[in-house]
K.L.:
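So that we are looking at the same thing, I have put the structure below in structure tokens.
Reminder, nothing fancy here: chain letters follow the sequence lines and each chain counts from 1.
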Amino acid sequence: MSTITRFAPSPTGLLHLGNIRTALINWLYARTNNGKFILRIDDTDLERSKEEFTSKIKYDLEWLGIDYDETFNQSSRFDVYKERFNQLVDIGRIYPCYETPEELDRKRKLQMAAGGKPVYDRSSLKLTEKQKTDFKSEGRKPHWRFLMNSERVQWDDILKDKVDIDLLSLSDPVVYREDGVPLYTFSSVVDDIDFNVTNVIRGDDHTSNTAVQIELINSLDQNKITFAHHALLTASSGDKLSKRDNVISIESFRDKHIEPLAILSLLATIGTSNSIELKDSLQQIINEFRIKTISTSPGRIEIDLLNSLNKKLIQKFDYNEIEDRLKKIDNRIDRNFWETTRGNLDIVEDIKGWGDIVFNSNPIEPVDKEFIKIALDLMPDEPWNDETWSNWTSKIKDKTGKKGKDLFLPLREAFTGMSHGPEMKKLIQLLGRDKILERVKI
RNA sequence: GGUCCCUUCGUCUAGCGGUUAGGAUAUCUGGUUUUCAUCCAGAAGAUCACGGGUUCGAAUCCCGUAGGGACCGCCA
């Protein structure tokens, strides 16, 4: 049977580094096993789910180059969930519950206060038929729980090895809400079965869900799913990654002009035993992927790593690859301009700043006018080449006696307005004699 | 309170009973570059969380302690 994995975000917020890492791992697992990768939109909670987020999720994945073979929304399968639900009812594994959310909340608090575990006490299971009909005639609608009947559940986890969970410390899951909406624990299982998902790879936060879900799967079908739970990433502060944490959303990185491959390189290496380095391509990431290299201990994301990977990536870009982008930033940027300035860019869009310096003629007033005047007097006629700068500066040096930093820095500042930047021997060729004369005010 | 998991250079990690505890990244130094970045070379950086046990021998196996994470919802 061929491998099928899935990524199942709920469209209630933006994708962040943590989510997309899970997506990437599932995608890589499918791709390296010649399998299929499904994008499932978990939108059963109609109030919280927003179409806007669904399209953003899809756009983020596309932007990163993570393609999927199939996609569907859970909201399109309500009738299937109902069927499966009835199947469970028939075998007596479903029971109606009439507690209100407030009641349940109070119960949990009481249990905690008494030093016990906040687990549902199954009191609705003990309801008599009369009590149930009374509730019904009062117009009270039940929510429905799945009756778990194993004490423990164990499985071989690809990443955590043998996992053995005590089901008695977990509540019977609610599978249908009072308003008739199926819940994740259930709908996810139904979909995983129906779509023949072979490997569920998700964060460690789902480990106890898995125990409950295996119980559920076994009552519907025979479990054929292999699970894997990876450690969660934490923010560099050590805090949990949150969906509300927009600073690490994929969208925010895109807005900041971080390159997809830099993000993917980071996510493919952080929290794994792979070297933290820039990958040449998505293909390289696929070739090098080994699920076992993923750590089971929670690791933190250092955003600085992403920035430096991005910078390294930019240095490798050939002009042809990004010509269109550069032209959009400033259509006067050509190959020579790119090759001269790229060493000084953190993000591609930074080149705009150098465009402003080279193409615009904002006047610059030098500090040492005397010195700059001498320099301008010695400025050679065009055409200029790579030798021009050193010939010119040695003449200035002979005339003024200045050397080293005292010689070069004032010239750089007078001609560019900046104290650092690309090599001057290249940069002056971009500027040209007229621009320099026009700009420098002495 | 319960359940599950984790703990090795600043950071991400290798390690599976005998290693000078390895790598990556960050840092520092030198070279290259007028400068910065890149690149090259090198250095420094870890009492393997702590305590005990098993063993000729423990980062590695066992127990305990501490710290961290996740979950315990009519969210996903």
Side-chain angles (χ1 to χ4, degrees), chain A residues 8-13 42-45 47-49 74 97 99-101 104-105 108 111-120 141-145 152 157 159-160 163-171 173-185 187-188 202-212 229 231-234 236 238-240 243 266 269-277 293 295-302 304-305 308-309 311-312 314-316 341-346 389-390 393 397 403-409 411-412 418-425:
Chain A
S10 62
T12 55
D42 282 7
D43 59 349
T44 50
D45 189 344
E47 294 121 59
R48 298 202 311 144
S49 298
Q74 286 199 313
C97 298
E99 295 87 352
T100 63
L104 290 171
D105 194 45
R108 271 191 293 269
Q111 285 167 321
M112 293 271 258
K117 34 193 165 190
V119 170
Y120 180 61
K141 283 167 106 181
H143 57 278
W144 305 85
R145 286 189 195 260
R152 304 195 72 86
D157 196 285
L159 292 171
K160 298 174 73 148
V163 181
D164 184 356
I165 302 276
D166 175 17
L167 277 189
L168 299 178
S169 68
L170 266 18
S171 302
V174 174
V175 291
Y176 263 80
R177 295 201 310 210
E178 184 192 323
D179 62 4
V181 172
L183 258 21
Y184 166 80
T185 310
S187 56
S188 177
R202 67 218 311 200
D204 197 24
D205 51 341
H206 282 285
T207 304
S208 45
N209 271 333
T210 297
V212 173
H229 296 84
L232 264 17
L233 257 20
T234 60
S236 40
D239 293 337
K240 182 184 174 179
K243 271 201 176 167
L266 177 73
T269 57
I270 195 131
T272 75
S273 53
N274 303 318
S275 297
I276 300 169
E277 62 180 12
T293 62
S295 169
T296 50
S297 66
R300 39 184 71 196
I301 297 180
E302 299 287 347
D304 286 350
L305 273 176
S308 74
L309 288 175
K311 185 166 183 142
K312 282 192 182 127
I314 290 177
Q315 310 313 319
K316 288 187 170 182
T341 55
R342 68 171 167 193
N344 291 77
L345 310 175
D346 287 325
W389 176 247
S390 74
T393 50
K397 181 181 167 188
K403 57 179 183 177
K405 206 174 177 179
D406 289 338
L407 172 67
F408 295 109
L409 194 60
L411 293 172
R412 174 182 285 280
M418 304 286 285
S419 56
H420 61 90
E423 285 186 72
M424 282 303 281
K425 79 172 182 192

K.L.:
Do the side chains of A/Leu170 and A/Ile165 get nearer than 4.5 Å, heavy atoms only?
P.N.:
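Yes. Closest side-chain heavy atoms under 4.5 Å.
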K.L.:
For a quick check of understanding: with a heavy-atom distance under 4.0 Å over all strands, which category does A/Arg202 fall into, base, sugar-phosphate or nothing?
P.N.:
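Nothing, no nucleic acid heavy atom in range.
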K.L.:
Starting the side chain at C-beta, find the nucleotide from B/C71, B/A24, B/U3 nearest to A/Ser208.
P.N.:
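In terms of side-chain proximity for A/Ser208, the closest of B/C71, B/A24, B/U3 is B/C71.
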K.L.:
Can you tell me whether the side chain of A/Asp205 and the base of B/A76 have a donor-acceptor pair closer than 3.5 Å?
P.N.:
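Answer is no: no donor-acceptor pair is held.
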K.L.:
Can you pull every protein N or O that's under 3.5 Å from an N or O on nucleotides 31-37 of chain B?
P.N.:
residue	atom	partner	partner atom	Å
B/U34	N3	A/Arg412	NH2	3.4
B/U34	O4	A/Arg412	NH2	2.9
B/U34	O4	A/Met424	N	2.1
B/U35	N3	A/Arg412	NH2	3.1
B/U35	N3	A/Gly421	O	2.9
B/U35	O4	A/Gly421	O	3.4
B/U35	O4	A/Glu423	N	3.1
B/C36	O2	A/Asn344	ND2	2.8

K.L.:
Counting only side-chain nitrogens and oxygens, does A/Arg145 get under 4.0 Å of the OP1 or OP2 atom of B/C74?
P.N.:
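True: A/Arg145 side-chain N/O within range (under 4.0 Å) of B/C74 OP1/OP2.
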K.L.:
Whether the side chain of A/Asp43 engages the backbone of A/Gln74 through a donor-acceptor N/O pair (distance < 3.5 Å, no angle test) should be reported.
P.N.:
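Yes, because the side chain of A/Asp43 sits within donor-acceptor range (under 3.5 Å) of the backbone of A/Gln74.
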K.L.:
For the backbone of A/Glu277 and the side chain of A/Ser275, can you confirm whether one donor and one acceptor N or O come within less than 3.5 Å of each other?
P.N.:
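Flag not set: sc A/Ser275 to bb A/Glu277 has no pair under 3.5 Å.
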K.L.:
So if I define the base as every atom that isn't primed, P, OP1 or OP2, how would nucleotides 10-15 of chain B read as a B/S/- string at a heavy-atom cutoff under 4.0 Å?
P.N.:
-SBSS-
K.L.:
Taking only the side-chain nitrogens and oxygens of A/Arg108, find out if one of them lies under 4.0 Å from OP1 or OP2 of B/G73.
P.N.:
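For B/G73, OP1/OP2 do have a side-chain N/O of A/Arg108 under 4.0 Å.
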K.L.:
Determine which nucleotide pairs with B/G73, using a 3.5 Å limit on both distances of a Watson-Crick or G-U wobble pair.
P.N.:
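Paired with B/G73, as far as the under-3.5 Å criterion goes, is no nucleotide at all.
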K.L.:
In this structure, are over 12 heavy atoms from other groups packed under 6.0 Å from A/Lys397 atom NZ?
P.N.:
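At most 12 heavy atoms, drawn from other residues, nucleotides or ligands, come within 6.0 Å of this atom.
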K.L.:
Determine the contact category for A/His206: base if any of its heavy atoms lies under 4.0 Å from a base atom, sugar-phosphate if only primed atoms, P, OP1 or OP2 are that close, otherwise nothing.
P.N.:
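Touches a base.
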K.L.:
Could you let me know what B/U55 is paired to, Watson-Crick or G-U wobble, both distances under 3.5 Å, or none if it's on its own?
P.N.:
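No nucleotide pairs with B/U55.
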K.L.:
Quick one: label A/Asn209 by what it contacts on the DNA or RNA (base, sugar-phosphate, nothing), any heavy atom closer than 4.0 Å.
P.N.:
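Base, at least one base heavy atom under 4.0 Å.
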K.L.:
Look at A/Arg152 and B/U3 and indicate whether a side-chain polar atom (N or O) is within less than 4.0 Å of OP1 or OP2.
P.N.:
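No, because none of the side-chain N or O atoms of A/Arg152 sits under 4.0 Å from OP1 or OP2 of B/U3.
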K.L.:
Would you classify A/Thr44 as touching base, sugar-phosphate or nothing, given that sugar-phosphate means primed atoms plus P, OP1 and OP2, and contacts are heavy atoms under 4.0 Å?
P.N.:
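The answer is sugar-phosphate, as A/Thr44 gets under 4.0 Å only of primed atoms, P, OP1 or OP2.
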